Amino acid sequence: MDERATADWEAHVADTWATIDEITDARGGSGFRADIEELAAELPPGSAVADFERASSFDSTGHPDRAVPLYREALRIGLTGERRRRAVIQLASSLRNLGHPQESVALLRAELEAGSDPLDDAVRATLALALTDLGQAREGVSLLLLSLAPHLPRYQRSMANYARVLTAPPEPGPALAQEKDPQADRSLP
């Protein structure tokens with residue numbers, strides 16, 4: 001595909017995704033998947049982008065089990081750019097939905113270490129869900145607060161500090177000291 005054809009193809013894919021609700025309302029999930037499959041088939045065999053788009057269509061229509069192998073293949077082939085990051089996020093989300101939150105956490109922690117881009121908040125949000133599935137909700141809420149804080153018109157510093165406190169070991173403070181010292185409550189005999 002030349003540059004112009006690639007740009008046209010990308011625009012058509014974006015238009016199809018922008019109308020997913022209309023397509024699924026009219027023709028169901030299989031109709032949407034057929035539209036994406038038709039577009040994916042325009043790419044050469046073995047295309048990581050085609051596998052990613054197919055995986056995303058399965059994922060978005062309630063079939064994470066069919067999406068996971070396609071995400072893995074797209075990443076194995078060498079998916080690049082924003083689609084690579086999206087594939088990791090979506091693969092991790094699908095794995096979590098299929099009962100594999102530990103694998104999801106491992107993928108997302110590695111992704112956070114790999115670098116920063118505008119999808120960082122999506123990585124953290126998905127990681128927060130996986131951590132919650134593992135019984136680590138405090139760490140998940142902390143991640144969400146750290147992601148949310150920069151977007152708030154006020155209280156950014158406070159929310160970032162609260163996020164850090166959620167995962168820090170408890171420090172003895174006045175409330176803890178009072179609980180430990182019965183003499184601190186003068187109403188006791």
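None of these values were measured; they are calculated from a predicted model.
- Side-chain atoms of Arg33 and Thr61 form a donor-acceptor pair, as typed in the model, at a separation below 3.5 Å.
- Taking the six-membered ring where the residue is Trp, Phe58 and His63 present perpendicular rings, their angle passing 60° and hence far from 30°.
- Side chain of Ser57 to backbone of Arg54: a donor-acceptor contact under 3.5 angstrom is found.
- Atoms CG and OG1, from Leu144 and Thr132 in turn, are 7.5 Å apart once rounded to the nearest 0.5 Å.
- If you check the side chains of Asp59 and Tyr71, you find a donor sitting under 3.5 Å from an acceptor.
- The two atoms that bring Ser104 and Ala92 nearest to each other are OG-O, 2.9 Å, heavy atoms only.
- With salt bridges taken as basic N to acidic carboxylate O contacts below 4.0 Å, none links Glu103 and Arg96.
- A salt bridge does not link Arg85 with Glu82: none of the charged nitrogens is closer than 4.0 Å to a carboxylate oxygen.
- Crowding of Glu22 atom CD: a count of heavy atoms from other residues, nucleotides or ligands under 6.0 Å exceeding 12.
- Gln102 CD: 12 or fewer foreign heavy atoms inside a 6.0 Å radius.
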Task: Stepwise side chain to side chain contact (heavy atoms under 4.5 Å, CB included) check, Trp17 with Ser60 - done: CA-CA 10 Å; Trp17 279 103; Ser60 295; 3.4 Å; yes
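- Closest heavy-atom contact between Ala128 and Gly140: CB-O, 3.4 Å.
- Taking all atoms of both residues into account, the shortest heavy-atom contact from Ala48 to Ile77 is CB-CG2, 3.8 Å.
- Heavy atoms only, all atoms of each residue included: Gln90 and Ser56 are closest at NE2-OG, 2.9 Å.
- Interatomic distance, Asp21 CG to Phe32 CZ, rounded to the nearest 0.5 Å: 9.5 Å.
- When all heavy atoms are compared, the tightest approach of Leu107 to Val88 is O-CG1, 4.1 Å.
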- [ ] With side chain to side chain contact (heavy atoms under 4.5 Å, CB included) as the test, would you mind laying out the steps for Arg86 and Leu119 before giving the verdict?
- [x] CA-CA 8 Å; Arg86 288 173 51 205; Leu119 292 174; 3.6 Å; yes
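- The existence of a salt bridge linking Arg109 and Glu139 is confirmed by a sub-4.0 Å separation between a basic side-chain nitrogen and an acidic carboxylate oxygen.
- Residues Thr16 and Asp35 bring no donor and acceptor atom of their side chains to less than 3.5 Å of each other.
- One hydrophobic cluster, built from ILVMFWY side chains closer than 4.5 Å, cannot hold both Leu146 and Leu152; they sit in different ones.
- The hydrophobic clustering, which links ILVMFWY residues whose side-chain heavy atoms are closer than 4.5 Å, places Leu98 and Leu129 apart.
- Within a 6.0 Å sphere centred on CD of Glu10, heavy atoms belonging to other residues, nucleotides or ligands number more than 12.
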Open item on the list: Between Ser93 and Asn97, is the side chain to side chain contact (heavy atoms under 4.5 Å, CB included) condition met? List the steps.
Closed with: CA-CA 6 Å; Ser93 178; Asn97 287 330; 3.9 Å; yes
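- The existence of a salt bridge linking Arg84 and Asp117 is excluded, since no basic side-chain nitrogen approaches an acidic carboxylate oxygen closer than 4.0 Å.
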